[in-house]
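Each ligand, and each atom within it, is numbered from 1 in the order the structure gives. In what follows, every heavy atom counts, from backbone to side chain, and hydrogens, waters and symmetry copies are set aside.
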Amino acid sequence: MTVKVGIIGMGFMGRMHLSAYRKLPGVEVVAFADTDASKRAGTAGGAGNLGDTDFQTDVASFQQIYDCGFALVDDPDIDLVDICVPTCDHKDLFLAAVAARKHVLSEKPMAVDPDDVKAMVAAGKKAKTVVMIAHCIRFWPAYVLLKECVDTQRYGACKSLILRRQGSKGLWSPWYFEAAVSGGALYDLHVHDTDYVNFLFGKPRAVSSVGSRGGTTDEGVDHVVTHYYFPKRTVEAVTAIGAWHQHKTWPFYMGYTAVFERATLDFDINRPQPVMLYTDEAATAIDVAPTDGWFEEIKYMVQCVTQGEPPALNTIASARVTMKIVQAEERSIRSGKVEKVK
Ligand SMILES: NC(=O)c1ccc[n+]([C@@H]2O[C@H](COP(=O)([O-])OP(=O)(O)OC[C@H]3O[C@@H](n4cnc5c(N)ncnc54)[C@H](O)[C@@H]3O)[C@@H](O)[C@H]2O)c1
């Protein structure tokens, strides 16, 4: 059986997802939808902050091209709907795709509006199909390695973790600059690390955050620093920094420093040897699989669809917890206090 995919939104992420599907057997992207005529004509240039963005979409290879995502959802030939539109439009397309009994992959964050999140969670939990939010860091090789080290205690218990993700204010689409649409760096960029903290250690009991507003978006949190509070036996100190108010020539950065009892594991995406292990005796470069989180996430999604299994690695319930943590971070920035994750 070939899984037939329709992508809604052929911008940065739509194109990254398209190239991932095209590397996989047993799956075909048969359609896409985009409200922008230049995307439908295949004349728009590439954009994005990471990955091979410099290719034209070969529109002649699709069976159908729609100017409306809901029309794609109604296409009976499509098994899997992949939602890559601006964040404010996730909810309505997600609900429609779940109601049409499609398998659904929706880009992160679920939504900025808490009511939209609630509606998506309710629909996602009832779905009989495979439904997943695209929290790709769970699948990114350097982060897969860290998860393994935490779970197996290969270097002893993890004592502390610093996560850092910083982009420039030179974002590629105008909707990113409206906080009500993108959620600012807190909801759009930093959410990757929030989700990863949730994946690694589960739901923190509380968070304390400070933030800077409006450096890039109109009024969103464009720089955030969060401490996540866990029981001491889980991990002693976890901090994440997320920001996209660096100036335009800033190179995209993601990385972490994880201190275990017997070694420090460090990832810096911009270093010639991105993953390093430091002990008291030696500094060693660690090779990780030459792949990326987008490809691995889509491979996993297609595998779940093909095998008829719900995605254990990235459930709707877990994505809901991630949104609760981000919402607590936002409350903490406003209140200046430690906030419980409700
Ligand atoms: N997982 C990641 O690493 C990652 C990275 C970047 C963006 N994202 C997320 O992916 C989503 C898309 O971001 P992007 O950078 O690809 O944006 P983009 O602006 O590059 O692309 C969005 C595309 O959707 C189209 N579009 C807008 N509204 C539409 C609608 N209602 N119906 C159909 N098409 C519509 C636009 O014309 C555009 O082509 C966002 O939710 C963003 O947060 C995730």
Under-4.0 Å heavy-atom contact with ligand 1, by part of [X] that carries it:
X: M16; answer: neither
X: I8; answer: side chain
X: D188; answer: side chain

task = Answer yes or no for R138 and Y143: cation-pi contact, defined as NZ/CZ to six-membered ring centre under 6.0 Å and angle to ring axis within 45°.
result = no
NZ (K126) with more than 12 external heavy atoms under 6.0 Å = no
Which of the atoms in ligand 1, numbered in the order shown and given with their element, are less than 4.0 Å from a heavy-atom of [X]?
X: K39; answer: 38 (C), 39 (O)
X: H192; answer: 1 (N), 2 (C), 3 (O)
X: S173; answer: 18 (P), 19 (O), 20 (O)

message = Using a plain distance cutoff, I'd like to know if C136 has any nitrogen or oxygen under 3.5 Å from a nitrogen or oxygen of ligand 1.
response = no
message = Test your reading of the structure: does F12 have an N or O sitting under 3.5 Å from an N or O of ligand 1?
response =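 Yes, since at least one N or O of F12 sits under 3.5 Å from an N or O of ligand 1.
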ask   = Does Q63 use its side chain to pair, donor to acceptor, with the backbone of A31 at less than 3.5 Å?
value =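 Between the backbone of A31 and the side chain of Q63 there is no qualifying donor-acceptor contact (under 3.5 Å).
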ask   = Looking only at atom types and distance, does a side-chain atom of K147 sit under 3.5 Å from a main-chain N or O of F199, one as donor and one as acceptor?
value = yes
Nearest neighbour of [atom] from the list [options], on a heavy-atom basis:
atom: atom 17 (O) of ligand 1; options: W175, Y187, F32; answer: W175
atom: atom 42 (C) of ligand 1; options: Y176, W294, W140; answer: Y176
atom: atom 40 (C) of ligand 1; options: V85, D292, L93, I137; answer: V85
atom: atom 37 (O) of ligand 1; options: D34, I133, V112; answer: D34

message = Please determine whether any non-hydrogen atom of R15 lies less than 4.0 Å from an atom of ligand 1.
response = no
